[in-house]
Protein chains: 2
Amino acid sequence: MAIRFELLKESKNTEARIGRIHTPHGIIDTPTFMPVGTQATVKAMSPDELKEIGAQIILGNTYHLYIRPGHKLIESFGGLHGFMNWDRPILTDSGGFQVFSLNELRKISEEGVEFKSHLDGSKHFFTPEFVIEIEESLGADIIMAFDECIPYPCEKDYAKESMERTVRWLKRCKKAHKKNDKQALFGIVQGGIFRDLRIESAKMTVDIDLPGYAIGGLSVGEPKEVMNEVLEYTVPLLPKDKPRYLMGVGSPDSIIDGVIRGIDMFDCVLPTRVARNGTVMTSKGKLVVRNAEYARDSLPLDENCDCYACRNFSRAYIRHLIKAGEILGGRLTTIHNLRFLQNLMKNIRDAIKNDKILEFREEFFESYGYNK
Amino acid sequence: MAIRFELLKESKNTEARIGRIHTPHGIIDTPTFMPVGTQATVKAMSPDELKEIGAQIILGNTYHLYIRPGHKLIESFGGLHGFMNWDRPILTDSGGFQVFSLNELRKISEEGVEFKSHLDGSKHFFTPEFVIEIEESLGADIIMAFDECIPYPCEKDYAKESMERTVRWLKRCKKAHKKNDKQALFGIVQGGIFRDLRIESAKMTVDIDLPGYAIGGLSVGEPKEVMNEVLEYTVPLLPKDKPRYLMGVGSPDSIIDGVIRGIDMFDCVLPTRVARNGTVMTSKGKLVVRNAEYARDSLPLDENCDCYACRNFSRAYIRHLIKAGEILGGRLTTIHNLRFLQNLMKNIRDAIKNDKILEFREEFFESYGYNK
């Protein structure tokens, strides 16, 4: 087995749990947040800085890396780890989400998906087998199966058809995957917001027997309560001894609510994307540091944060950098947001350890301003 | 006196010398190259990284900082040092170059210059007195007098008129400058490419008696031989016991040729600007890493460099980042170019110490490809 999940503790009152994922490139403490490194770099960050903020695993995007610079080139540099000089765990997605969300003109068949490159319009064809080949070249510790991520809202008929195809594609992915000793293939539960489809998908996906499971197709526009509902009836169907990954979710409230419903892994581009535009997460809630009110503010972004940005610079300075379009501005806000999330995950793990995750949720939602 | 120049050694065969400038924020080994931090940040670099590449002094631009975020705001944060969290020496220019080069519509009078902001078109008026006020607010260790930097080519009549006004403005700057104990005011020799004007300017400027002198108005389009000629007849007129600063010059050949003619300080935006576009300086000459030929190149930018980029990443990876528009790409090339220049200055100082500066020039020009 490429990875081993060690379940350390289950929460008494909730589905939350703490654990450790042992991978060929090191250990990941769960619940964990994975910064997204779409194009073989977490935007604005160096590998050293990622270690400094405490990232134990990062995500790479198969679609983008296939398009540029190409998986064969990356393979010749020792995979993504060697190419980008990151020696800790990596997870690659399957490109499914990008193929479906970035491509207006994709054509789906049982065999796979034809799509056009967002760079030059050239035609490409992804099959489950080809995606696994790409992911094997990229060499991540955890690789995601090729799936279809349906939009929200979506007709139930299509959601069912798509979900069943995703299961068939998963079987083909598993069959195609040869590097089981070095890479763990995760299956993805789909089914939109339809309870029976989610349940069916979860059962069929678990039947295929994999080292980990993801829940896809959420946080795509549906209300947060709907996402939480889906998790409530889906997660209990996943085996306790395997990690569970909620794809594309990275807001503090959704992370906490996901953890309480049994999720171990999260990722999202939003914390880094909003950072570059001058919005940061703080212990007192969201702060738009580019706003005029911070022009003369000598406080750090967050008085309770220990990151490089908060130890060294004022809101006024960071606002100036962002307003002036200076690279250091986006670097500092990115460092801060990623450190904020690492600290959040650490606090979440501590709360689960002390059987206080519900109390932690209350306090966090109050101080962050979610209850307003 | 705010600064003290310690002349350590004069070259036997050339005008080159090594020294140390003692400032309120530390020592600068000369000859030195000063990275440019236009908007209170050296583009793409953090203060920690600037220290890591060995920068002993950086430059700030008075015009830009006056326009945004404003000198009074910066003053309230403890000046530029406090605002940007840089505890080593800083030099601020006078805004003269920007007022004249960025503003088509400036109006020059004996009193000063009216110009429009490049940001919002608002009208502003710089006088020597006001520029000193701004520079006192910014609080740099070395501040430049307000001068007019004429273009190349330029009519001799205008060059003379402008040079004489610059001398009168320098007297007003000196009179207005109150923080002599904390800041050293440098005068700027002008006069275009006219020998008699340069000589006259140098004599009048030195007569005003200042802690340091700059040569301005060069590297503005004239041939390199012309610049070297101007230095040959101008620099000997400057006192040996004061630092000499050649403004806006940062290509390796011009730095070496300037050092040989007695220059101690250099600055230029080019090394950082070309870096962000994917061009780096190496021990074997200029290398355009964004070119296709480096797509699969596993070598570092420069095999003889000890910077973070060269210790950790391949040309192929850095090319990918630059092509993909990723921030880390420009960060790595910037780190490299600035480290390259710091190493160059160190090698220059060693060569002067060993009375080998002319041999060093030969070898460097040969390996860098200047002799081709």
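Just so it is clear: chains get the letters A, B, ... in the order the sequence lines come, proteins before strands, and each one is counted from 1.
- Taking a 6.0 Å sphere around NZ of A:Lys284, one finds it holds 12 or fewer heavy atoms contributed by other residues, nucleotides or ligands.
- Here CD1 of A:Ile74 is found 9.5 Å from OH of B:Tyr317. Values are rounded to the nearest 0.5 Å.
- Within 6.0 Å of CZ on B:Phe100 lie more than 12 heavy atoms contributed by other residues, nucleotides or ligands.
- Counting heavy atoms from C-beta on, the side chains of B:Ile327 and A:Arg276 come closer than 4.5 Å.
- Within 6.0 Å of the NZ atom in B:Lys286, the count of heavy atoms belonging to other residues, nucleotides or ligands does not exceed 12.
- Only the side chain of B:Ser314 comes within less than 4.5 Å of a heavy atom of chain A; its backbone N, CA, C and O stay farther away.
- In this structure, the portions of A:Thr41 lying under 4.5 Å from any heavy atom of chain B include both its backbone and its side chain.
- Counting only distance, with no hydrogens or angles, the side chain of B:His320 and the backbone of A:Gln39 share a donor-acceptor pair below 3.5 Å.
- Of all heavy-atom pairs spanning B:Phe77 and A:Ala316, the tightest one is CZ-CB, 3.3 Å.
- No other option in A:Asp48, A:Leu321, A:Val42, A:Thr38 has as many heavy-atom pairs under 4.5 Å with chain B as A:Asp48.
- Using a 4.5 Å cut-off between heavy atoms, A:Met84 touches chain B through backbone and side chain atoms alike.
- Using a distance-only test at 3.5 Å, with no hydrogens or angles considered, no donor-acceptor pair links the side chain of B:Arg296 to the main chain of A:Leu73.
- Side-chain contact check for A:Phe313 versus B:Ser46: every heavy-atom pair is 4.5 Å or farther apart.
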